[in-house]
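The structure under discussion appears below in the form of structure tokens.
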Amino acid sequence: MTDVLQVEKLSAAYRKNIILNDVSFTIPQGTLTCIVGPNGAGKSTLIKVLLGLHPNLSGDVSFFGELLKNVKKKVGYVPQRGSVDWDFPTDALDVVMMGMYGQIGWVKWPNKSHKEKALDALRKVGMADYANRQISELSGGQQQRVFLARALIQNADLYFMDEPLAGVDAATERAIMAILRELKKEGKTVLVVHHDLQTVEDYFDQVLFLNRTVVAHGAITSTFTANNIKKTYGGTVRWLKEGIGIVHSTI
Amino acid sequence: MTYSAWILLTASLVGISCGIVGVFLILRRMAMMADAISHSVLLGIVVAYLLTQSLSGIHMLIGAALAGVFTTFLVQWLHSNNVQHEASIGVVFTILFALGVILIATKAGNAHLDVQHALMGEIAFIPWNTVEIPMFGDMPVATLILLLVLAIIILIIGLFYKEWKITTFDSALAASIGIPVLGMHYLFMTLVSVTTVAAFDAVGAIMVVAMLIAPAASAYLWTDNLFKMIVISSIFGILSAIAGYYFAVWIDSSISGSMAFATGIVFFISFIFSPRHGLLSNKIRPSTMKS
């Protein structure tokens with residue numbers, strides 16, 4: 001397996017607070033990795049720094065052995081649903097088409113074939129009937145599916161998804177996971193910021209414990225252990241039988 | 001063309017330009033930046049006048065554009081250094097505006113440049129200051145400048161329509177696919193500045209804010225489609241301008257004031273009667289129908 005992402009000694013700060021310190025890891029191709037950690041562990045920041053949306057203080061990142069700017073088209077990003085204004089005057093189909101703006105290129109307008117592709121992507125996430133629906137009228141789960149369709153249409157090889165399963169209904173969660181597995185089957189690589197420790201084992205094959213730095217990283221079977229969970233979350237995890245942890249909300 | 005036809009044309013051009021730019025101001029949640037730029041542009045105009053000793057349109061446009069970008073830059077810089085966004089806007093534009101007022105009072109006192117004029121505009125004088133255009137004849141300078149500015153706006157918004165849309169809706173995705181989000185922010189603020197100063201003569205620094213914000217905010221209540229919103233906003237801009245003019249003639253009062261007042265009327269009508277987001281439809285529609 002080749003590595004699609006290499007991170008070396010990455011650190012980043014918000015204002016004067018160091019959020020990420022000495023973060024190093026590599027992601028092999030074709031894996032489904034979840035990034036877990038307590039609130040404020042720097043999970044979203046990590047993705048933003050990797051994608052160059054937030055400056056890093058030090059460290060190197062290489063995608064497919066190159067700098068990000070050379071391989072932008074091979075990298076897809078699904079931001080947190082709450083990061084955009086859903087009252088924006090547009091419909092679901094239009095949002096999905098935004099995923100192709102990079103491919104379409106400057107100045108040119110999207111044409112009919114782009115529209116067809118966007119409809120296809122909506123169909124894949126089970127949202128074809130909502131193509132012309134104003135986005136503020138969609139439920140949280142439907143909005144998340146639209147975001148996923150927008151990422152699929154980018155046809156990237158490496159995806160970053162920031163909490164795609166947060167606040168969605170069970171049907172959407174199943175639909176999203178089916179698509180992630182499909183992506184994996186096609187040889188694509190997906191990194192997901194995740195918050196629900198109970199589903200980690202069922203959904204992913206790799207886990208990256210993050211709390212300002214990498215606590216542990218590896219295959220679920222060897223790495224998703226009670227010890228590592230405790231090391232990452234400290235004393236805020238309450239134990240249930242079978243060693244599954246539930247995170248106490250620290251809010 | 002007759003005297004009032006020129007005024008109506010000029011006012012309509014203000015309405016369209018401000019209507020288009022205003023849509024993106026609203027959607028980018030930057031209504032306050034319009035207020036800031038419309039004031040600090042005064043400093044740009046005064047400095048341009050002091051440097052060139054001329055009141056010609058092109059110098060003023062450049063001076064105003066630079067002042068607008070400078071304002072945007074200062075606000076951005078303060079904000080990135082831990083000052084609240086609103087506070088940085090408030091501090092920056094009042095100080096730049098104050099500088100402009102001081103410079104007018106001390107250095108440019110004898111010129112045809114006074115605070116009253118800058119704040120209120122005087123569209124009634126526009127038809128008398130003309131320039132000769134080959135093949136066309138005489139045309140008011142302000143109208144010509146507005147035509148040029150409108151062409152620039154349509155060109156820049158039209159060419160980069162999808163880039164404006166994506167940077168406005170989801171700047172993180174835009175940045176991740178390689179669109180220079182910050183560069184487009186400055187370009188947009190330059191557009192706002194140029195629009196503001198072009199509309200200056202017609203409606204003045206304070207009224208231009210009404211023309212920028214109210215038609216776009218009204219259009220937002222009528223449609224869920226970005227392109228339609230731009231069209232409706234422009235139409236509301238024209239309507240307000242024309243209705244404002246005739247209202248001013250009727251009660252024999254300030255034209256720019258009446259135009260700004262008309263934008264307020266358009267907004268309140270929209271706010272009450274809009275079929276989807278209006279006050280009435282929210283009252284009438286049973287609560288189960290609401291999404």
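In what follows, chains carry the letters A, B, and so on, assigned in the order in which the sequence lines appear, proteins first and then strands, with residues in each chain numbered from 1.
Going from atom CZ of A:F88 over to atom OH of B:Y220 covers 8.0 Å, rounded to the nearest 0.5 Å. The CD1 atom of A:I104 sits 9.0 Å away from atom CD of B:E163, with the distance rounded to the nearest 0.5 Å. To the nearest 0.5 Å, atoms CG (B:D224) and CD1 (A:I135) are separated by 9.0 Å. Between the CZ atom of B:F227 and the OG1 atom of A:T90 there is a distance of 13.5 Å, given to the nearest 0.5 Å. The CD1 atom of B:I177 lies 12.0 Å from the CG atom of A:L51; values are rounded to the nearest 0.5 Å. Between atom CG of residue B:N225 and atom CG of residue A:D94 there is a gap of 8.0 Å, rounded to the nearest 0.5 Å.
Most heavy-atom pairs under 4.5 Å with chain A: of the set B:V181, B:N82, B:T168, this distinction falls to B:N82. Ranked by non-hydrogen atom pairs under 4.5 Å with chain A, the options B:M229, B:K165, B:K228 are led by B:K165. Chosen from B:N81, B:V23, B:L173, the residue pairing most often with chain A at heavy-atom distances under 4.5 Å is B:L173. Looking only at heavy-atom pairs under 4.5 Å with chain B, the residue among A:R150, A:Q154, A:M97 that has the most is A:R150. Considering only heavy-atom pairs separated by less than 4.5 Å from chain A, the leading option among B:S80, B:S176, B:G158 is B:S176. For chain B, the option among A:L68, A:V75, A:D85 with the highest count of heavy-atom pairs below 4.5 Å is A:D85.
Enclosure of atom NZ in A:K115 is not indicated, since only 12 or fewer non-hydrogen atoms of other residues, nucleotides or ligands lie within 6.0 angstrom. For A:K124, the NZ atom counts as loosely surrounded, since its 6.0 Å shell holds 12 or fewer non-hydrogen atoms of other residues, nucleotides or ligands. Annotation: A:D60, atom CG; neighbour count of heavy atoms from other residues, nucleotides and ligands within 6.0 Å does not exceed 12. Annotation for B:Y161: atom OH counts as buried by contact number, over 12 foreign heavy atoms lying within 6.0 Å.
Under the side-chain contact (heavy atoms from CB on, under 4.5 Å) test applied with B:K162, the options A:W106, A:Y101, A:W109 reduce to a single match, A:Y101. Across B:I26, B:I230, B:T223, B:L27, a single residue satisfies side-chain contact (heavy atoms from CB on, under 4.5 Å) together with A:P89, and that is B:L27.
With a threshold of 4.5 angstrom between heavy atoms, A:Y14 does not approach chain B through any atom at all. Residue B:F160 touches chain A through its side chain alone, counting heavy-atom pairs closer than 4.5 Å. With a 4.5 Å cut-off on non-hydrogen atoms, A:V95 touches chain B through its side chain but not through its backbone. If you measure heavy-atom distances from A:Q103 to chain B, you find no contacts under 4.5 Å at all. Contacts of A:D87 with chain B are made by both backbone and side-chain atoms, with heavy-atom separations under 4.5 Å.
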Residue pair A:M98, B:F169: steps toward the side chain to side chain contact (heavy atoms under 4.5 Å, CB included) verdict: CA-CA 10 Å; A:M98 288 181 192; B:F169 175 65; 3.5 Å; yes
